[in-house]
Amino acid sequence: MKTVKSAFKFHGGVHPQYNKELARDKAIEPIPLPKTLAISMSQHLGAPAKCIVKPGEHVAKGQLIGERNGFISVPVHASAAGTVKAIESRQGPAGSWADAVIIETDANQAETPPVLLAPLDWKTATKDELLARVNDAGICGMGGAGFPTSVKLSPPPDKHCEYLVLNGAECEPYLTADFRVMLEHADKIRIGVEIMRKILNGPAVRIAVEANKPEAITALEKAFADIDGNVEIVVLPVLYPQGSEKHQIYAATKRLVPPGALPIAVGCVVENVGTVAAIADAVTNGAPLVSRVTTVSGDGIVEPKNVLAPIGTSYADLAAFCGGEHEGVRKVISGGTMMGFNVPHLAIATTKTTSGLLFLTEKNIFQYSSEPCINCGRCLRACPMQLNPAGISRAVEADDIATAEHLGVMNCIECGACSFGCPAYRSITHLCRRAKNSIRARMAAEKAKAAAAKKV
Ligand code: SF4
Ligand code: SF4
């Protein structure tokens with residue numbers, strides 16, 4: 001195992017104010033069990049899980065409450081013992097609504113033993129047993145996208161994973177949850193890597209960490225010191241969006257994922273470090289994914305922390321655990337400031353992908369009115385996907401979605417680097433998102449029409 005500096009820099013990128021010092025030295029702290037949890041059936045990419053419990057039912061921690069409902073889907077488990085009070089539609093961090101199981105938690109959790117899967121020895125378990133475990137434990141990407149991990153770990157028969165890339169970049173401002181997991185649980189990450197290597201038939205491993213996390217690099221070096229095989233820690237330059245899957249692959253392997261393709265097209269699988277630690281827990285301890293570390297930070301929260309909270313904890317409970325809000329909070333963001341979502345209220349609950357919750361006062365938010373593009377070209381230089389954000393945004397404003405599509409808007413990763421540096425304060429990223437949603441809606445309608453025509 002060796003540590004190397006990445007020799008490859010992707011096009012574009014920006015340097016936002018990181019503000020990580022607010023929470024980086026705060027050890028992971030478990031929250032006292034909230035009185036109520038709201039566990040969404042839709043906290044991963046793909047079809048929501050199918051709820052299998054009813055109001056009035058008593059559930060144990062770890063009990064299956066939502067079944068996987070399709071190929072791109074994952075099961076959901078109860079995060080604590082308690083009584084199901086209701087199944088109701090709840091708003092998620094991104095604003096969409098989905099069924100959630102509302103659990104009133106038992107005051108005495110010891111009365112109901114948790115439901116665990118049988119622990120497995122990863123050295124003797126078969127590849128299929130390990131893969132089934134990743135699925136049964138409800139694991140999805142915890143870095144933000146929520147893609148079902150067992151699907152990612154099952155490349156099509158004609159594809160082979162040559163590189164397993166661990167995403168430890170955490171390039172979003174304020175967020176330090178992954179940093180703390182690397183620092184405090186590097187041993188679990190090592191076990192998770194061994195398990196994934198076995199499932200993927202022994203690819204080389206690249207652990208990608210930004211250079212601004214030297215303590216995490218040291219912890220990983222110690223945990224991986226005696227690992228066999230082709231394993232490297234790749235120290236990445238500090239540059240946003242270094243954590244983007246495609247850019248990380250380039251920085252770690254010099255392979256370029258073609259537009260519209262998945263990482264496996266160039267022999268790579270990327271997984272977030274928190275997810276890798278969750279895989280280790282699921283295999284060695286039989287623990288389903290029922291909690292995660294979330295950074296609660298910003299100048300609007302009394303005591304920024306990295307909180308280990310059961311999935312389904314309300315944002316209000318997280319805020320209270322961190323001492324509550326300071327006066328004058330103007331904006332609450334779920335996720336980081338570059339790609340996160342503004343949240344309208346604190347009844348929203350954590351999901352498997354909630355990496356951060358930020359409380360910002362006027363001092364740290366930027367209010368502006370958009371002005372016409374002055375053709376400075378700054379967004380073109382910043383765009384890591386080498387798009388023409390100025391042209392796309394002008395097309396979308398003119399309702400010319402066809403031109404935006406022609407300019408490659410579907411390759412936009414919504415990183416916000418273009419809007420970040422625009423001197424005319426144009427909402428370029430939002431316009432890209434709008435065009436992508438419109439194109440996806442058109443494609444879905446065309447698919448439905450074609451399916452209906454087939455039936456006739
Ligand atoms: S949001 Fe899209 S258009 Fe803007 S810089 Fe990122 S990838 Fe490029
Ligand atoms: S950065 Fe803003 S003003 Fe400059 S070209 Fe891009 S959209 Fe226009």
Side-chain angles (χ1 to χ4, degrees), residues 8-18 45 94-95 143-145 147 167 169-173 175 210 236-251 255-263 265-266 270 333-342 355 366-440:
F8 318 117
K9 182 201 167 293
F10 60 82
H11 170 92
V14 292
H15 293 280
Q17 181 76 38
Y18 284 101
L45 196 86
F147 192 83
N167 187 347
E170 200 170 49
C171 59
E172 272 274 10
L175 304 189
E210 273 191 334
L236 310 172
V238 181
L239 180 67
Y240 180 86
Q242 194 66 263
S244 142
E245 208 168 55
K246 292 184 176 182
H247 301 93
Q248 188 150 90
I249 288 171
Y250 183 70
R255 295 187 177 192
L256 276 169
V257 183
L262 293 171
V266 294
V270 182
I333 299 175
S334 181
T337 48
M338 298 297 281
M339 290 187 74
F341 303 98
N342 293 340
S355 50
F366 191 54
Q367 289 174 300
Y368 55 82
S369 355
S370 289
E371 289 163 26
C373 170
I374 55 168
N375 271 324
C376 68
R378 204 180 285 183
C379 56
L380 279 83
R381 291 193 294 280
C383 178
M385 295 306 290
Q386 304 191 38
L387 301 173
N388 176 348
I392 291 172
S393 65
R394 283 195 298 261
V396 182
E397 279 175 333
D399 272 335
D400 184 357
I401 303 298
T403 297
E405 192 171 6
H406 181 69
L407 289 171
V409 71
M410 290 309 279
N411 292 320
C412 166
I413 58 169
E414 299 173 25
C415 66
C418 49
S419 312
F420 175 79
C422 174
Y425 311 124
R426 290 170 57 71
S427 302
I428 313 168
T429 314
H430 292 293
L431 292 164
C432 290
R433 205 173 276 153
R434 193 204 294 174
K436 286 173 72 179
N437 288 339
S438 161
I439 293 164
R440 282 198 197 106

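Scope of the values below: all heavy atoms of this structure, side chains included, with no hydrogens, waters or symmetry mates. Note that ligands are numbered from 1 as they come in the structure, with each ligand's atoms numbered from 1 the same way.
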Backbone of [Y] reached by a side-chain donor or acceptor of [X] within 3.5 Å:
{"X": "Arg426", "Y": "Ser370", "value": "no"}
{"X": "Ser355", "Y": "Gly143", "value": "no"}
{"X": "Arg378", "Y": "Gly421", "value": "yes"}
{"X": "Tyr18", "Y": "Val238", "value": "no"}

| Going from CD on Glu414 to NE2 on His430, what distance comes out if it is rounded to the nearest 0.5 angstrom? | 10.0 Å
| Roughly how far, to the nearest 0.5 Å, is NE2 of His247 from CG of Leu236? | 12.5 Å
| Looking at atom 2 (Fe) of ligand 1, is one of the N, O or S atoms of Cys418 less than 2.8 Å from it? | no
| Residue-atom pairs from the protein, N, O or S only, that lie under 2.8 Å from atom 8 (Fe) of ligand 2 | Cys373 SG
Identify, by atom number and element, the atoms of ligand 1 in contact range of [X], meaning under 4.0 Å from any of its heavy atoms.
{"X": "Met385", "answer": "7 (S)"}
{"X": "Gly416", "answer": "1 (S), 6 (Fe)"}
{"X": "Glu414", "answer": "1 (S), 2 (Fe)"}

Is [Y] close to [X] at the side-chain level, that is, under 4.5 Å between some pair of heavy atoms?
{"X": "Arg394", "Y": "Leu431", "value": "no"}
{"X": "Cys418", "Y": "Cys383", "value": "no"}
{"X": "Pro237", "Y": "Gln242", "value": "yes"}
{"X": "Val409", "Y": "Leu387", "value": "no"}

| said: I want to confirm something. Looking only at heavy atoms, which of Gly12, Pro241, Ser244, Cys415 is nearest to atom 6 (Fe) of ligand 1? | reply: Cys415
Which residue and heavy atom of the protein sit nearest [atom], plus the separation:
{"atom": "atom 7 (S) of ligand 1", "answer": "Ile413 N, 3.5 Å"}
{"atom": "atom 8 (Fe) of ligand 1", "answer": "Cys383 SG, 2.4 Å"}
{"atom": "atom 2 (Fe) of ligand 1", "answer": "Cys412 SG, 2.4 Å"}

| Strictly under 4.0 Å, does any heavy atom of Pro384 approach an atom of ligand 1? | yes
| said: With a cutoff of 4.0 Å, is Ala382 in contact with ligand 1, counting heavy atoms of the residue only? | reply: no
| Partners meeting side-chain contact (heavy atoms from CB on, under 4.5 Å) with Thr403 (sequence neighbours left out) | Ala395, Asp400, Leu407
